[in-house]
Amino acid sequence: MEFNTEFIKGCSAIGAGLALIAGIGPGVGQGIAAGHAASAVGRNPGAKSEITSTMLLGQAVAETTGLYGLLIGIILLFVQPLAK
Amino acid sequence: MQGILLSESAKEVDFFIHEVFQYELFGQTLRITTTHVCLLIVMLILIGFFIAAGHCMKKAKEVPSGFQNVLELLVDFLDGMINGVMGRFAPKFRNYIATLFVFIFFSNISGLLGLRPPTADYGVTFALAVISFTLIHYNQFKYQKVKGVVSGLMSPWPFWLPINLIGDFAVPISLSLRLFANILSGTAIMALIYTLLGKLALVWPAALHVYFDLFSGAIQTYVFCMLTMTYIQDACNTEES
């Protein structure tokens, strides 16, 4: 079955939008990490620098899944492998 | 290469890698791209910086001032970071981690100089991740011997071998993709803002540059180095769990 290019481009845009739903997970995860880090600093203000670096490391690792979604979105929008 | 964006100027959105020139070598066509050029510029800046640093430290004073202050701050920070994670293994890996840190950081913030950051090319980040991966497994074989490595792969039960292998090979891929995607997203968003908003993008994108280039670049550099150090530290531990 043959589709015309415009139709495939439109579907690629919808697909990119759907792929970026992956951003929800890291957002929630990073928020939880930041909240717990804030309460940890409240309990033990002396360890602030260590808590901050641990929090940043954990958040950056949690961000990975969202970035995979972003990559799919960018590839669908700009490289357009399906429309060729 | 034209995106699916509604505006007319969407055709000019440009954050891709361009070819500068190409040549033939042993029947293979090799392409010199913007990544190579930006990488060379970053390397020249770093070489210049460190030659200046070497000259400065030759006539170092007891009480530091000016440029010497900056250098001591940098070395102090890197030493503190590496010693904090690696403990007694720190002296062996200080050279590699510090080099990695300085190189990735300068590459990430080179967007501020108008270059396309070299780390926004998957070839660069994957090469860095493969070097880290090689180092991790070399040290694993060196410290745990073949027996330790095999029993590590077979834990907790022998039929978990394929899952452990996949886990091992996912390390360089996730390391490189994390750095690549973060820097690429920053580059893409800045390119979109500058081309789509046209004359509206005046002065205020500076704040976005601070976030996407400086903050995000620094965090990703830190994370790449921290993860490399953690994996190497894991590989060096000889206690069998």
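Lettering follows sequence order; numbering is per chain, from 1.
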Exercise. OG/A/Ser53 to CE/B/Met226 distance, rounded to the nearest 0.5 angstrom?
Worked result: 5.5 Å

For this session: Give a yes or no on whether B/Tyr211 atom OH has more than 12 heavy-atom contacts from other residues, nucleotides or ligands under 6.0 Å away.
Result: no

Problem set entry | Interchain contact, A/Glu63 with chain B, by part (heavy-atom threshold 4.5 Å) | side chain

Exercise. Is any side-chain heavy atom of A/Val61 closer than 4.5 Å to a side-chain heavy atom of B/Leu227?
Worked result: yes

Problem set entry | Close side-chain approach of A/Leu67 and B/Phe180, heavy atoms under 4.5 Å | no

Exercise. Could you state the interatomic distance from CZ (A/Phe78) to CG (B/Leu184), rounded to the nearest 0.5 Å?
Worked result: 9.5 Å

Problem set entry | Whether over 12 other heavy atoms sit under 6.0 Å from A/Leu18 CG | yes

Exercise. With a cut-off of 6.0 Å (strictly less than), are more than 12 heavy atoms of other residues, nucleotides or ligands near NE2 of A/His36?
Worked result: no

Problem set entry | Heavy atoms from other residues, nucleotides or ligands near CD of B/Gln28 exceed 12 (cutoff 6.0 Å) | no

Problem set entry | Pairwise side-chain contact, A/Leu56 with B/Val223, heavy-atom cut-off 4.5 Å (strictly under) | no

Exercise. Of all heavy-atom pairs between B/Gln220 and A/Ala60, which one has the smallest distance, and what is that distance?
Worked result: NE2-CB, 4.3 Å

For this session: Taking atom CD of B/Glu72 as the centre, report whether more than 12 heavy atoms of other residues, nucleotides or ligands fall under 6.0 Å from it.
Result: yes

Exercise. Crowded around B/Phe49 CZ? As in, over 12 foreign heavy atoms under 6.0 Å?
Worked result: yes

Exercise. Should B/Leu177 and A/Thr64 count as side-chain neighbours, where that means a heavy-atom distance under 4.5 Å?
Worked result: no

Exercise. What is the distance from atom CZ of B/Phe15 to atom CD1 of A/Ile74, rounded to the nearest 0.5 Å?
Worked result: 5.0 Å

